[in-house]
Amino acid sequence: METPNSLVHVILTGGVGSRLWPLSRKSRPKQYLEIFDGKSLFEMTVNRNSHLADQVMVVGNVDNHHLSEKVMNKTNTKYLNIVEATPRNTAAAIAFAAFAAKPDDILIITPSDHIINGMIDYNIAIENAVSKAKDGFIVTFGIIPTKPETGYGYIEAQGDKVVSFREKPNETTAKEFMARGNFLWNSGMFCFKAGVLLDELKNFQPEVYEKSKAAWEANHNGFLNFDLSMEIPSISIDYAVMEHSKKIKVVPASFSWSDLGSFEAVYEYLLSGDHPVDEYGNMVIGCEKHTTFLGLKNTIFVYTDTANLILQKENSQDVKDIYSALERQNSMLLN
């Protein structure tokens, strides 16, 4: 009798969210901020997939795994903890989870900092992906775009076939993608059998495969060794496998999705709830104090204990430049 495949939900928690400074810091990255109806994005990710998964794995790092643990305890979720000693990008992070699973286990890989609405459509997309994964395909989720977004990578698709992966476009190109109608946002979510992914990784990036395997095999209770980790080439799963493999399928998905990667995205999300905004579109985030905006439109005031940020909504993508400048100064304001 055929044994059913175990479904494993793998949550990647590596990012800092530099575009959401000063809310998001190294000590409290954006996925742990409880600013979404008293829940964090991480907690929402755990809850969203709890009915699907037989097992949960969390791939984190030395700086954030204690924050993940709090959420997993709060939601009463048993999980396998994989703690990276140093960030090595998504190919290694996903390889660790695949090595920790059985070859026939089906892994659903999700970032921990995305917001998703439309659970019926979400569950349909997951079911569709799982059935393709059972047939030996590596599935990526492409979101049907709602606007010419320049902050996301795109997947050019024909049905469930991937024609090409495209980098984040400029505005003109993004509009062209929208007009052509067969371009999807690259969500960074994947579904596959652990063994299939590892075979493809070994095929296209043998060094990432071998070095990740060595680091994983030497783990202590899920904690990875720093020196062995440093030897792993730092490369994304997209470059390592997705852009080369002939086993890729895309599931075009119509659930509403955002990586909340900028204050503009957070603004739009909070606006769709009941977060206050004045008649000129000005919003305060992180502070209950009465704040008046005079002569300003579409301005976001971000308040934290040690740093404030005042920005035009349209300049949201530039926050990462402030973060980079503070990083060069080795500023305490990033901690």
Side-chain angles (χ1 to χ4, degrees), residues 13 15-48 63-64 67-68 70-71 74-75 111-118 146-152 168 171 185 256-329 331-335:
T13 72
V16 173
S18 57
R19 288 185 181 87
L20 293 189
W21 182 88
L23 271 189
S24 185
R25 310 284 184 101
K26 286 177 178 171
S27 62
R28 174 120 345 216
K30 70 169 177 175
Q31 57 269 30
Y32 303 104
L33 301 171
E34 293 191 342
I35 55 172
F36 307 98
D37 311 320
K39 289 194 175 112
S40 65
L41 295 172
F42 185 105
E43 185 179 339
M44 288 155 83
T45 303
V46 173
N47 291 340
R48 183 183 313 128
D63 294 329
N64 72 10
L67 298 171
S68 299
K70 278 185 189 156
V71 178
K74 180 182 173 185
T75 56
S112 58
D113 56 358
H114 291 182
I115 202 123
I116 289 172
N117 290 314
T146 51
K147 61 176 197 271
E149 174 63 62
T150 58
Y152 300 149
K168 294 174 182 176
E171 193 130 353
W185 288 337
S256 93
W257 171 90
S258 166
D259 75 348
L260 289 187
S262 69
F263 278 114
E264 184 165 16
V266 172
Y267 177 102
E268 300 298 343
Y269 175 72
L270 292 174
L271 197 61
S272 69
D274 52 7
H275 197 89
V277 59
D278 74 10
E279 61 186 306
Y280 297 107
N282 300 305
M283 181 185 281
V284 180
I285 298 175
C287 172
E288 299 296 317
K289 286 186 187 131
H290 178 79
T291 305
T292 304
F293 296 83
L294 192 59
L296 298 169
K297 287 184 177 171
N298 296 330
T299 299
I300 306 172
F301 173 48
V302 184
Y303 175 89
T304 74
D305 288 344
T306 53
N308 299 330
L309 175 68
I310 299 161
L311 72 152
Q312 288 292 164
K313 179 157 67 80
E314 296 71 34
N315 290 59
S316 292
Q317 291 294 338
D318 301 336
V319 176
K320 68 176 185 300
D321 300 336
I322 299 171
Y323 189 94
S324 302
L326 288 168
E327 212 161 26
R328 285 194 296 276
Q329 297 161 22
S331 171
M332 295 304 291
L333 293 173
L334 298 184
N335 298 338

So [Y] and [X], do their side chains get closer than 4.5 Å, heavy atoms only?
X: P29; Y: L67; result: yes
X: M44; Y: I115; result: yes
X: F301; Y: N308; result: yes
X: L23; Y: K30; result: no
X: R25; Y: L334; result: no
X: T306; Y: L333; result: yes
X: H114; Y: T45; result: no

Is a side-chain donor or acceptor of [X] paired with a backbone partner of [Y] at a separation under 3.5 angstrom?
X: E149; Y: G151; result: yes
X: T150; Y: P148; result: no
X: S324; Y: I322; result: no
X: N64; Y: T13; result: yes
X: R19; Y: F263; result: no
X: Y267; Y: N298; result: no

Subject >> ring-ring contact (aromatic ring centres under 6.0 Å, His included) partners for Y269, two or more places apart >> reply: F36
**OP:** Heavy atoms only: give me the nearest H275-V284 pair and the separation to one decimal.
**Re:** NE2-O, 2.8 Å
Original post:
What is the ring orientation for W257 with W185, classed by angle as parallel under 30°, tilted 30 to 60°, or perpendicular over 60°?
Top reply: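 The rings of W257 and W185 sit tilted, inter-plane angle from 30° to 60°.
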Near [X] [atom1], under 6.0 Å, is it more than 12 heavy atoms from other residues, nucleotides or ligands?
X: E171; atom1: CD; value: no
X: K74; atom1: NZ; value: yes
X: N335; atom1: CG; value: yes
X: K320; atom1: NZ; value: yes

**OP:** Check the pair N47, K39 against side chain to side chain contact (heavy atoms under 4.5 Å, CB included), reporting the backbone distance first and the verdict last.
**Re:** CA-CA 11 Å; N47 291 340; K39 289 194 175 112; 4.0 Å; yes
**OP:** Apply side chain to side chain donor-acceptor pair (under 3.5 Å) to the pair Y32 and S68, showing each step before the final yes or no.
**Re:** CA-CA 8 Å; Y32 303 104; S68 299; 2.7 Å; yes
**OP:** Nearest 0.5 Å please: distance from the CG atom of N282 over to the OG1 atom of T292.
**Re:**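 Taking CG in N282 and OG1 in T292, the distance rounds to 10.0 Å.
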